[in-house]
Amino acid sequence: MSLTQKILSQLPGNVLERLRSADSILTSLKEGNIPVPMVVKDNPQPLGNVDWDVIISGGTLGILIGCALVSRGLRVALIERGILRGREQEWNISRHELQVLLDLDLLTPEELEKAIVTEYNPARVGFTSGVEVWVENVLNIGVYPVYLLETLKQRFLERGGKLFENTPFTEAVVHADGVMVNNQFKSRLLIDAMGNFSPITQQIRQGVKPDALCLVVGTCASGFPENHSGDLLLSFTEIKNQCQYFWEAFPAKDGRTTYMFTYMDAHPQHIGLEAFFEEYLRLMPEYQSVELQQLEFKRALFGFFPSYRQSPLKTPFPRILPIGDSSGNQSPLSFGGFGAMIRNLKRLTLGVDEALQTNQLSAASLSLLQPYQPSLTVTWLFQKAMSVDINQKIAPNQINQLLSVVFAQMQNLGESVLKPFLQDVVQFNGLTKTLFTTSLANPGLIFKIIPQVGLITLIDWMWHYINLGVYSILFDVSLMLEPLIRNLPENNQYYWHRWVDAWKYGSGNDYEQ
C-alpha cells in the first residue's frame with residue numbers, strides 16, 4: 001500500500017476516491033479529451049420584461065460580487081449547484097488586500113476580524129543554494145471561508161438578493177434584450193463565476209488544451225514542531241520527474257497547512273495527481289523535520305489549475321461575462337481563486353454597475369471588463385522558466401539557481417520591488433531593475449535560460465514587457481485627463497473608465513501597500 005493510500009484512506013469523505021477522480025479528469029485534459037458543451041444559444045426574439053439585472057452562476061466566489069452589486073441597488077440572483085458553504089481550509093491573503101471588503105461595505109470591521117482565524121509573520125522564500133529572503137505581511141492572514149461566506153450570504157439576502165441553492169446551471173439563451181437562464185430566470189446580464197471548468201468557458205474555448213498547468217497537493221495536520229512563520233516559495237530538491245517541486249506552509253487554526261506544487265505543460269507523460277501526492281508525502285519529513293507518524297492529518301487538499309495564453313477569455317456572447325477563474329483572469333504563476341477575485345472585486349463591481357446603467361452589454365463592451373493586462377502576461381516567461389518540458393535536458397539545479405539570483409537581487413532592491421511580485425503584481429520599474437541587476441550579477445545563468453524557454457517565447461515576452469511600460473505611462477497620463485472626462489456622455493465615460501482600469505491593472509498600479 002502506498003503512503004497516499006494509507007494516509008488518505010484514514011480521512012473521512014472518500015478522499016482517495018476524490019483524488020483519483022480529479023486525476024482522471026487531469027489525464028483526460030492532458031490527452032485532449034475535453035468536453036465542449038453547447039450550453040449557450042442565441043434567440044433573436046425579444047425576451048420582454050426581465051426579473052433581474054444580474055444572474056450569477058457559481059456561489060463560492062460569486063457571492064462576493066453578488067453582495068457588492070446588490071449593495072449598489074441592483075436586482076441580483078445567485079444560483080449555486082449545491083449548498084453555498086465555504087470550505088474548512090483557510091484562504092491565505094494579506095490584510096491590506098481585504099480592505100476592499102470594508103470599502104464596498106460587504107463586512108463590518110468586527111466581522112472582518114472574526115473572519116480572520118490565523119495571522120503569522122514572517123514568511124520565507126528559499127532555495128537549495130542557501131539563499132533565504134524573509135518578508136512580512138504577505139499571505140500572512142488566514143480567512144475562514146465558512147464564516148466569511150455565511151456572513152456574506154446573510155448580507156446578500158438582507159439587501160434584497162435572492163439565492164437559489166441546489167440549482168446547477170444548465171443553459172443560457174441570449175436574446176436581444178436579455179438572457180434566459182435555465183429556462184427559468186430572466187436577466188439583463190449573466191455573470192459566470194463557475195471556475196476553470198465552467199461549461200460556458202468550455203464552450204467558448206472549444207476543446208483547446210491549456211498552455212500550462214499548476215498541480216498542487218497538500219494537507220492540514222497537527223503534530224508539527226512549533227513554528228509561527230510561513231513559507232511562500234521554497235525549494236530544497238533538484239528537478240525530479242521533469243518537475244521542479246515548490247513548497248508553501250502556513251500556520252492554520254487546526255495545525256499547519258503544507259502544500260507542494262509544480263508548473264508544467266499539458267503533455268500526457270507529465271506526472272499525475274496521485275503520483276505527485278506520493279512525492280509530497282515522501283518529502284514531507286525532510287521539509288518539515290517531522291516523521292509522518294507524528295502527524296495527525298485533518299484534511300487533504302489537491303487540484304490542478306489550467307492556464308491559457310488566450311486570457312482573459314473574450315466571450316463572443318453579449319450579456320454574458322465570465323469572471324474570476326472562469327475568465328482566466330490571473331497570472332500563470334498564481335492559483336487564481338480568492339486572491340484574484342479580491343484583487344479585481346472593486347474594478348468588476350464598479351464596471352458591471354456602469355455597464356448596466358449605460359446599457360453597455362454587447363460582447364465588445366463587456367470584453368473591456370476583462371482586458372489584456374501586460375502585468376499578467378509577462379509572467380508567462382517566469383512560469384516557463386520554472387517548468388521543464390517532458391523531453392528537455394537542463395541542469396538539475398538550474399531553476400533553483402535562477403530563482404536564487406533573482407530573489408537575492410529583489411531583496412537588495414527593497415520591499416517596493418519584492419513585495420508586489422510576491423503578491424502577483426508585476427510593475428515596469430521593479431521588473432526592469434530586477435532584470436538589469438540580475439543580468440549583471442550572473443550573465444552566464446541568463447544565457448542558459450534562453451534555450452530552456454525558447455527564443456520565440458522570449459521575443460513574445462519582449463512585446464508584453466514593452467506594453468507594461470506603455471501602460472504605466474498611459475495610466476499616469478489618464479490621471480491628468482480625468483477632470484475633462486466628466487463632461488463626456490455617459491456611454492463614452494464607460495469606455496474611458498474601462499481603458500483606465502486596463503492601464504491601471506495592466507501596469508500593476510492597482511497595488512497598494
Side-chain angles (χ1 to χ4, degrees), residues 54 56 59-74 76 78 80 84-123 135-163 193 220 228-230 232 250-254 257 323-324 334-354 415 419-420 422-425 501 504-505 509-513:
V54 183
I56 302 171
T60 303
L61 294 178
I63 189 65
L64 288 160
I65 191 167
C67 195
L69 291 173
V70 81
S71 299
R72 300 181 71 82
L74 296 171
V76 183
L78 193 153
E80 167 60 32
L84 181 54
R85 183 182 186 275
R87 66 178 194 174
E88 287 293 328
Q89 186 60 44
E90 293 101 304
W91 284 325
N92 278 87
I93 197 166
S94 59
R95 183 176 286 273
H96 80 266
E97 290 174 283
L98 294 173
Q99 180 63 35
V100 68
L101 299 177
L102 303 179
D103 294 344
L104 294 175
D105 192 28
L106 305 189
L107 297 180
T108 66
E110 294 75 21
E111 289 168 338
L112 181 58
E113 289 305 315
K114 194 171 179 181
I116 295 172
V117 291
T118 56
E119 185 168 1
Y120 75 90
N121 267 313
V135 294
E136 296 204 347
N137 303 319
V138 177
L139 296 182
N140 67 309
I141 298 294
V143 174
Y144 186 40
V146 173
Y147 174 80
L148 177 64
L149 265 62
E150 185 59 37
T151 305
L152 290 173
K153 183 162 72 170
Q154 292 176 2
R155 185 97 346 115
F156 176 72
L157 296 172
E158 289 167 0
R159 294 178 178 177
K162 184 72 173 177
L163 174 63
C220 180
H228 298 292
S229 66
L232 298 178
F250 306 112
K253 65 181 179 64
D254 295 332
T257 302
I323 65 168
S334 75
F335 301 167
F338 181 65
M341 188 70 182
I342 285 288
R343 179 186 175 193
N344 292 279
L345 185 58
K346 184 180 289 188
R347 177 182 70 80
L348 286 171
T349 298
L350 298 179
V352 168
D353 188 18
E354 193 172 3
E415 287 194 348
K419 290 182 76 169
L422 289 174
Q423 293 175 77
D424 221 11
V425 179
D501 282 348
K504 179 178 181 180
Y505 283 74
N509 274 295
D510 59 302
Y511 179 81
E512 296 177 4
Q513 178 56 49

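- For the side chain to side chain contact (heavy atoms under 4.5 Å, CB included) with Phe156, the lone residue among Val76, Leu64, Thr151 that qualifies is Val76.
- Listed here is the closest heavy atom pair of Cys67 and Val70: O-CG1, 3.3 Å.
- Within the 4.5 Å cutoff, the side chain of Lys346 has no heavy atoms near those of the Asp510 side chain.
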Apply the test side chain to side chain contact (heavy atoms under 4.5 Å, CB included) to residues Leu107 and Leu152: give CA-CA distance (whole Å), side-chain angles for both, the deciding distance (0.1 Å), then the verdict.
-> CA-CA 8 Å; Leu107 297 180; Leu152 290 173; 4.0 Å; yes
Trace of the side chain to side chain contact (heavy atoms under 4.5 Å, CB included) decision for Glu119 with Arg95 | CA-CA 9 Å; Glu119 185 168 1; Arg95 183 176 286 273; 2.9 Å; yes
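- Annotation: the span from Leu98 atom CG to Ile93 atom CD1 amounts to 5.0 Å, rounded to 0.5 Å.
- Looking only at side-chain heavy atoms (C-beta outward), Leu345 and Leu101 come within less than 4.5 Å of each other.
- Atom CG of Asn121 and atom CD1 of Ile141 lie 8.0 Å apart (nearest 0.5 Å).
- Residues Met341 and Ile323 are in side-chain contact: their nearest non-hydrogen atoms beyond the backbone lie under 4.5 Å apart.
- Looking at Arg87, its side chain does come within 3.5 Å of a backbone N or O of Glu90 through a donor-acceptor pair.
- Taking CD1 of Ile342 as the reference point, atom CH2 of Trp91 lies at 8.5 Å (rounded to 0.5 Å).
- One finds a salt bridge joining Lys253 and Glu88 here, because a Lys/Arg side-chain nitrogen approaches an Asp/Glu carboxylate oxygen to under 4.0 Å.
- With Phe250 as reference, Leu232 is the one residue of Thr118, Leu232, Asn140 to meet the side chain to side chain contact (heavy atoms under 4.5 Å, CB included) rule.
- Salt bridge absent: Lys114 and Glu111 never bring a charged side-chain N and a carboxylate O closer than 4.0 Å.
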Please step through side chain to side chain contact (heavy atoms under 4.5 Å, CB included) for the pair Asp254 and Gln89, ending with a clear verdict.
-> CA-CA 9 Å; Asp254 295 332; Gln89 186 60 44; over 6 Å; no
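- Counting all heavy atoms, side chain and backbone alike, Cys220 lies closest to Ala252 at SG-CB, 4.0 Å.
- With contacts defined as side-chain heavy-atom distances shorter than 4.5 Å, the pair Leu149/Arg85 does not qualify.
- The line from CZ of Arg159 to CG of Leu74 is 13.0 Å long, rounded to the nearest 0.5 Å.
- The closest donor-acceptor contact from the side chain of Tyr511 to the backbone of Asp424 lies at 3.5 Å or more, if one exists at all.
- The side chain to side chain donor-acceptor pair (under 3.5 Å) with Arg72 is formed by just one residue from the set Asp353, Thr349, Asp105; it is Asp353.
- Remark: side-chain polar atoms of Arg155 are paired, donor with acceptor, to backbone N or O of Leu106 under 3.5 angstrom.
- Among all heavy-atom pairs drawn from Ala68 and Leu104, the shortest one is CB-CD1, 4.2 Å.
- No side-chain heavy atom of Gln423 sits less than 4.5 Å from a side-chain heavy atom of Arg343.
- Side-chain contact between Ser94 and Val138: absent, with no pair of heavy atoms (C-beta onward) separated by less than 4.5 Å.
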